[in-house]
> 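Just dropping this structure here.
Computation of the quantities below employed the complete heavy-atom set of this structure, encompassing side-chain atoms and omitting hydrogens, waters and symmetry-equivalent molecules. Note that the coordinates shown come from a computational prediction; the quantities given were computed from them, not determined experimentally. Letters A, B, ... mirror the listed sequences (proteins, then strands); counts begin at 1.
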2 protein chains.
Amino acid sequence: MTELELSIKSYFGVIDPEEVSSIASLFQPELLKKGDYFLKTNKNCDRLSFVQSGFLRIFLETEDKDVTQWISTKGYFVTDLSGFIFDQPARWTIQALTDVEIYTIRKSEYEKMKTTIPRWSELEKLFIVHCFTTLEDRIFSHLSMTAEERYHFFFENNKELFNQVPLQYIASMLGMRPETFSRIRKKQLS
Amino acid sequence: MTELELSIKSYFGVIDPEEVSSIASLFQPELLKKGDYFLKTNKNCDRLSFVQSGFLRIFLETEDKDVTQWISTKGYFVTDLSGFIFDQPARWTIQALTDVEIYTIRKSEYEKMKTTIPRWSELEKLFIVHCFTTLEDRIFSHLSMTAEERYHFFFENNKELFNQVPLQYIASMLGMRPETFSRIRKKQLS
DNA sequence: GTAAATTCTTGATTTTTATCAAGAGCAACT
DNA sequence: AGTTGCTCTTGATAAAAATCAAGAATTTAC
């Protein structure tokens with residue numbers, strides 16, 4: 001099984017191998033160079049991609065600062081979900097932080113899965129609810145944890161990220177300033 | 001059209017009246033007394049309900065404090081989404097803050113919609129993506145706003161809530177302590 | 001209607017986090 | 001290799017928010 005197939009399997013729960021390869025076959029490989037934009041705010045988002053390698057930053061520029069909403073890593077899917085599903089202008093800008101390999105499915109192909117894969121609607125729902133639950137957890141972390149607690153929690157689960165992308169983006173994603181991030185990090189290292 | 005039907009219509013987007021009443025007919029009225037639990041953490045959540053009147057608090061008790069995740073009001077649906085969809089133990093406790101009228105559909109009836117309403121899977125997906133987008137906005141508010149900004153933003157969009165439920169719960173839901181909430185409120189009133 | 005319980009406010013203080021400013025460390029470019 | 005940008009760190013200070021404690025206001029229960 002390819003990594004794409006393994007991820008489809010793990011994202012969508014128990015699912016038979018025929019279905020997995022049938023879904024995987026609809027994704028096409030693409031390469032992004034560091035700095036390339038996968039998507040820009042207000043543009044149309046007609047693709048859903050699986051990250052095979054590299055890092056992508058999902059963010060929004062406000063008057064006074066950039067806000068990093070998330071960093072997508074190997075094994076995750078990346079898209080502007082509401083834009084992709086509702087054909088609305090994208091909420092987020094998505095940019096490659098490193099060279100990136102992705103597997104992409106276009107909206108038109110995506111629509112076909114409904115008919116070619118009988119269980120697709122059900123799998124798709126489970127996928128989206130899973131994403132929903134992840135966001136619920138993130139909100140909870142902002143309601144119940146300090147910056148330092150969020151740092152530690154995130155660090156424990158994403159160690160590999162800390163020496164591969166600019167730390168300022170991780171800081172933003174955790175809801176703190178880079179200086180605060182740096183000070184927490186210093187404490188932790190000693 | 002009943003309020004339930006209107007809400008189904010607005011939640012699920014454009015949809016024909018036959019479909020609306022067909023969906024609405026599967027919901028049964030229920031009454032909750034103030035203080036009643038709609039759901040408790042780790043229990044099975046087999047219902048999705050539409051709030052006709054009253055307020056429900058969705059929260060979690062941690063060692064040191066209660067964390068209010070959301071307050072459901074008239075016109076909203078309420079459930080523990082991951083518990084309901086995945087048949088997993090509920091993540092949240094949900095309690096009536098006032099007497100509450102709801103319309104409820106049980107999981108078993110809910111499952112039937114897939115077959116009786118052709119477009120159901122599509123509508124359901126749109127519904128869940130809509131919920132997802134709402135949570136994205138909330139995360140963004142924690143990454144980019146101060147407590148005071150979150151207060152004002154929420155106040156502008158939910159004025160009615162401020163004189164109908166204990167303010168400490170709104171404070172928690174916005175990620176601040178009741179004292180901070182009270183001080184911001186004082187500033188605003190003057 | 002009154003007592004009890006809960007919720008809200010306020011002040012004083014501490015802790016946490018942001019801001020500002022400067023310099024050090026690193027990486028990228030030619 | 002040297003210069004130019006970024007990025008990260010550090011210190012000093014300011015602002016924001018939490019904590020603690022007490023009392024006022026409101027709601028609930030009998």
> What is the distance, to the nearest angstrom, from the CZ atom on A:Arg177 to the C1' atom on D:dG11?
18 Å
> Which parts of residues 182-189 of chain A get close to DNA chain D, meaning a heavy atom less than 4.0 angstrom away?
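Here the set is A:Ser182, A:Arg183, A:Arg185, A:Lys186.
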> Between A:Met176 (CE) and D:dA17 (P), how many Å, whole number?
15 Å
> Could you state the NE2-C1' distance from A:His142 to D:dA17, rounded to the nearest angstrom?
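The distance from NE2 of A:His142 to C1' of D:dA17 comes to 16 Å, rounded to the nearest Å.
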> Apart from B:Leu189 itself, which Ile, Leu, Val, Met, Phe, Trp or Tyr residues share its cluster (side-chain heavy atoms under 4.5 Å, direct or through members)?
none
> Before giving the answer on side-chain contact (heavy atoms from CB on, under 4.5 Å), spell out for B:Trp92 and B:Phe59 the whole-Å C-alpha distance, their side-chain angles and the decisive distance to 0.1 Å.
CA-CA 6 Å; B:Trp92 309 107; B:Phe59 68 103; 6.0 Å; no
> Can you name the ring-ring contact (aromatic ring centres under 6.0 Å, His included) partners of A:Phe27, sequence neighbours left out?
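Per chain and number, A:Phe27 pairs via ring-ring contact (aromatic ring centres under 6.0 Å, His included) with no residue.
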> How is the hydrophobic cluster of B:Phe153 composed, in terms of its other members, when Ile, Leu, Val, Met, Phe, Trp and Tyr link through side-chain heavy atoms under 4.5 Å apart, directly or indirectly?
B:Met145
> Any side-chain donor paired with an acceptor under 3.5 Å for B:Ser53 and B:Glu101?
yes
> Show me the donor-acceptor pairs, under 3.5 Å and distance only, between side chains in residues 161-177 of chain B and residues at least two apart or in other chains.
unit_1   : atom_1 : unit_2  : atom_2 : d
B:Ser172 : OG     : B:Thr68 : N      : 2.8

> Would you call B:Glu124 and B:Lys114 a salt bridge, taking side-chain N to carboxylate O under 4.0 Å as the test?
no
> Show each protein N/O and nucleotides 25-30 of chain D N/O combination with a separation under 3.5 Å, one pair to a line.
unit_1 : atom_1 : unit_2  : atom_2 : d
D:dT28 : OP1    : B:Lys34 : NZ     : 2.1

> Could you identify which residues of residues 144-169 of chain A place a heavy atom less than 4.0 Å from some atom of DNA chain C, listed by residue number, or say none?
A:Thr146, A:Ala147
> Quick one: side chain to side chain donor-acceptor pair (under 3.5 Å) partners of B:Asp87, sequence neighbours excluded?
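Residues passing side chain to side chain donor-acceptor pair (under 3.5 Å) with B:Asp87: B:Lys107.
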> Could you pull out all residues at least two apart from A:Glu156 that satisfy side chain to side chain donor-acceptor pair (under 3.5 Å)?
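Testing A:Glu156 for side chain to side chain donor-acceptor pair (under 3.5 Å), a comparison that skips the adjacent residues, returns A:Lys159.
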> Quick test of your reading of the model: are B:Glu122 and B:Lys125 salt-bridged, counting only N-O distances below 4.0 Å?
yes
> Reading DNA chain C 5' to 3', which nucleotide is the first, and which the last, to come under 4.0 Å of any heavy atom in chain A?
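On DNA chain C, the outermost contacted nucleotides are C:dT17 to C:dA28.
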> Does a salt bridge link B:Arg106 with B:Asp46, judged by any charged N lying under 4.0 Å from a carboxylate O?
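Counted as a salt bridge, because a side-chain N and a carboxylate O are separated by less than 4.0 Å.
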> List in chain and number order the residues that pass ring-ring contact (aromatic ring centres under 6.0 Å, His included) with A:Phe50, two or more places apart in sequence or in another chain; answer none if no residue qualifies.
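Once residues adjacent in sequence are excluded, the partners of A:Phe50 under the ring-ring contact (aromatic ring centres under 6.0 Å, His included) criterion are A:Phe77.
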> Would you please name every residue forming a ring-ring contact (aromatic ring centres under 6.0 Å, His included) with B:Trp120, sequence neighbours left out?
B:Phe12, B:Tyr110
